[in-house]
Amino acid sequence: MEKSATGKAAAGKGFRKKTGAVAIAVLVFGLALAGCGNRDGAGDKGGGKEVVLNEVAHSIFYAPMYVAIEKGYFAEEGINLTLVTGFGADKTMTAVLTDEADIGFMGSESTIYTYVGGTEDYVVNFAQLTQRAGNFLVSREPIENFSWDMLVGKDVLGGRAGGMPEMVFEYILDKNGIDPAQVNIDQSIDFGSTAAAFSGGQGDFTVEFEPHGTLLEQKGDGYVVASLGKDSGYVPYTSFSAKKSYLEKNKDTVQAFTNALQKGMDYVRNHTPEEIAQVIAPQFPETDMETLTAIVARYYEQDTWKENLVFQKDAFDLLQNILDDAGVLKERVPYEDLVTVEFAEKAAK
């Protein structure tokens, strides 16, 4: 689904599941052999810099990006942006590797999978947007003083193996001295369907992104009892990335793109959740203003968004620790290969 830079097209509805490391690695290997695509190295075009951005999902979680669209910051930087929703990290990564998209926005673990998979023109992270997980633990009954050991022996609707939502969840369990095997985690339900399954009576708890957590509360079907973003600490959850060749051949475009994003970050940092919600409302026409504001406030209060877009080495190391703990990391990859801070540092000045 495509959206113009005006953001007036109907938004995608919720997250789809991220695929696991094995599936992405197989996909990447095949694409590397095929060498398909024709957008690579197209360069800056006259009359505006054309950029196709493929986002993993359309979510309030990514508010600063939509602020940059709705406030016209991309246009100010000379970017003619086309936004496409991929509905999954595998599809977003495929779009970038096959040159259907210039830039991808997804979990940075996907760039590690492609690198380890042997892709020659691998995908490099150049701007980190979120610094906390964006999902919440929802209980069937309200719990005033929740602790993670309450999940031992319980049925929890979780995420797909190898995806960041599930890996961060298991990382939190480990941090609290709980073996994930002590929790009955159901990974069989499509990521966008867990809230409906929970409403239908499945599970004692469910792990949900917004707006599903808030909607479950509004219906009286569940209660948010914990934030995975708060309890996991600062995690490099999503970032913008592009093929190495694209970054080398389109430096001015990437810098302008990053400048626009930084303006969106600055706006979010200096305005209230109510003001942010008003700006991004055209991106979410199916969400009423009260709900939209409540969700923005929830993300705002847990310090979801970075002050700048610089992807630091310690954050990348933490990401690899999480992948390692989850058993999906074959080998450590060098930060210097998969992250560049050149554009983000200039944009932050």
Side-chain angles (χ1 to χ4, degrees), residues 11-18 56-63 87 130 132-161 163-173 175-176 178 180-233 235 237 273 277 284 286-304:
K13 296 184 179 179
F15 280 80
R16 292 288 182 92
K17 60 188 176 185
K18 288 189 178 183
V56 64
H58 200 72
S59 170
I60 301 163
F61 186 35
Y62 311 136
F87 296 111
T130 56
R132 289 191 185 273
N135 44 1
F136 300 86
L137 185 70
V138 180
S139 171
R140 197 160 292 286
E141 301 293 337
I143 301 175
E144 187 172 344
N145 296 304
F146 172 80
S147 61
W148 289 96
D149 58 8
M150 293 179 181
L151 298 186
V152 173
K154 300 296 184 180
D155 297 329
V156 180
L157 307 186
R160 185 180 177 87
M164 279 298 285
E166 178 63 23
M167 289 190 293
V168 169
F169 176 47
E170 295 185 13
Y171 174 71
I172 292 172
L173 294 178
K175 279 183 62 177
N176 286 272
I178 303 164
Q182 295 177 280
V183 182
N184 303 321
I185 305 173
D186 186 346
Q187 298 180 321
S188 67
I189 303 173
D190 181 86
F191 196 71
S193 302
T194 52
F198 190 72
S199 288
Q202 292 183 243
D204 302 306
F205 296 86
T206 183
V207 178
E208 298 292 339
F209 278 91
E210 293 290 17
H212 299 297
T214 294
L215 293 176
L216 284 170
E217 285 191 323
Q218 289 178 347
K219 293 191 297 182
D221 290 345
Y223 303 85
V224 174
V225 295
S227 161
L228 275 72
K230 287 182 179 178
D231 288 359
S232 63
V235 174
Y237 208 81
F284 303 94
E286 75 282 2
T287 305
D288 65 82
M289 187 55 62
E290 181 180 354
T291 300
L292 184 60
T293 301
I295 294 170
V296 170
R298 182 167 274 167
Y299 283 133
Y300 188 94
E301 290 162 4
Q302 72 169 30
D303 197 22
T304 293

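Sequential numbering from 1 along the given sequence is applied to the chain's residues. The shown structure was predicted, so the numbers you read here are calculated from the model rather than taken from an experiment.
Of all heavy-atom pairs between Thr293 and Ala277, the closest is OG1-CB, 3.5 Å. The two atoms that bring Phe209 and Gly134 nearest to each other are CD2-O, 3.3 Å, heavy atoms only. Shortest non-hydrogen contact noted between Ser232 and Ala133 is OG-CB, 4.2 Å. Residues Gln302 and Phe136 approach most closely at OE1-CE2, 3.7 Å, considering heavy atoms. In this structure, Ile185 and Gly158 approach most closely via the heavy-atom pair CG2-CA, 4.0 Å. Residues Lys219 and Ser199 share a closest heavy-atom pair of NZ-OG, 3.4 Å.
With values rounded to the nearest 0.5 angstrom, Ile189 atom CD1 is found 7.0 Å from Thr194 atom OG1. Taking CG from Asp221 and CG from Leu216, the interatomic distance works out to 6.0 Å, rounded to the nearest 0.5 Å. Distance check: Leu228 CG to Asn135 CG gives 4.5 Å after rounding to the nearest 0.5 Å. Atom CD1 of residue Ile60 and atom OG1 of residue Thr291 lie 8.5 Å apart, to the nearest 0.5 angstrom. Atom-to-atom distance recorded for Thr304:OG1 and Lys230:NZ is 9.5 Å, nearest 0.5 angstrom.
Side-chain N/O atoms of Glu141 and Ser139 include no donor and acceptor closer than 3.5 Å.
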Given ring-ring contact (aromatic ring centres under 6.0 Å, His included), test His58 with Phe284 step by step and report yes or no. CA-CA 9 Å; His58 200 72; Phe284 303 94; 4.9 Å; yes

Before giving the answer on side chain to side chain contact (heavy atoms under 4.5 Å, CB included), spell out for Tyr62 and Val56 the whole-Å C-alpha distance, their side-chain angles and the decisive distance to 0.1 Å. CA-CA 10 Å; Tyr62 311 136; Val56 64; 3.5 Å; yes

Apply side-chain hydrogen bond (donor to acceptor under 3.5 Å, both in side chains) to residues Ser59 and Glu210 and explain how you reach the verdict. CA-CA 8 Å; Ser59 170; Glu210 293 290 17; over 6 Å; no

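A salt bridge is defined here as a Lys NZ or Arg NE, NH1 or NH2 lying under 4.0 Å from an Asp or Glu carboxylate O, and Arg298 with Glu217 meets this definition.
Counting only distance, with no hydrogens or angles, the side chain of Glu208 and the backbone of Gly213 share no donor-acceptor pair below 3.5 Å. Side-chain atoms of Gln202 do not come within 3.5 Å of backbone N or O of Leu157 as any donor-acceptor pair.
Two residues are said to be in side-chain contact when any heavy atoms from C-beta on lie closer than 4.5 Å; Asp231 and Leu137 fail this criterion. Side-chain contact between Ile295 and Tyr299: present, with at least one pair of heavy atoms (C-beta onward) separated by less than 4.5 Å. Looking at Tyr237 and Val168, their side chains come closer than 4.5 Å, going by heavy atoms from C-beta outward. Using a 4.5 Å cut-off on side-chain heavy atoms (C-beta onward), Met150 and Val225 make no contact. Side-chain contact between Pro180 and Tyr171: absent, with no pair of heavy atoms (C-beta onward) separated by less than 4.5 Å. In this structure, Val138 and His212 have side chains that are not in contact, with every pair of non-hydrogen atoms separated by 4.5 Å or more. Side-chain contact between Leu151 and Ile178 is absent, with no heavy-atom pair separated by less than 4.5 Å. With a 4.5 Å cut-off on side-chain heavy atoms, Asp149 and Asn176 do not count as touching.
Counting heavy-atom neighbours within 6.0 Å of Gln218 CD, excluding the residue itself, gives a total above 12.
Under the ring-ring contact (aromatic ring centres under 6.0 Å, His included) criterion, Phe146 pairs with Trp148, not counting sequence neighbours.
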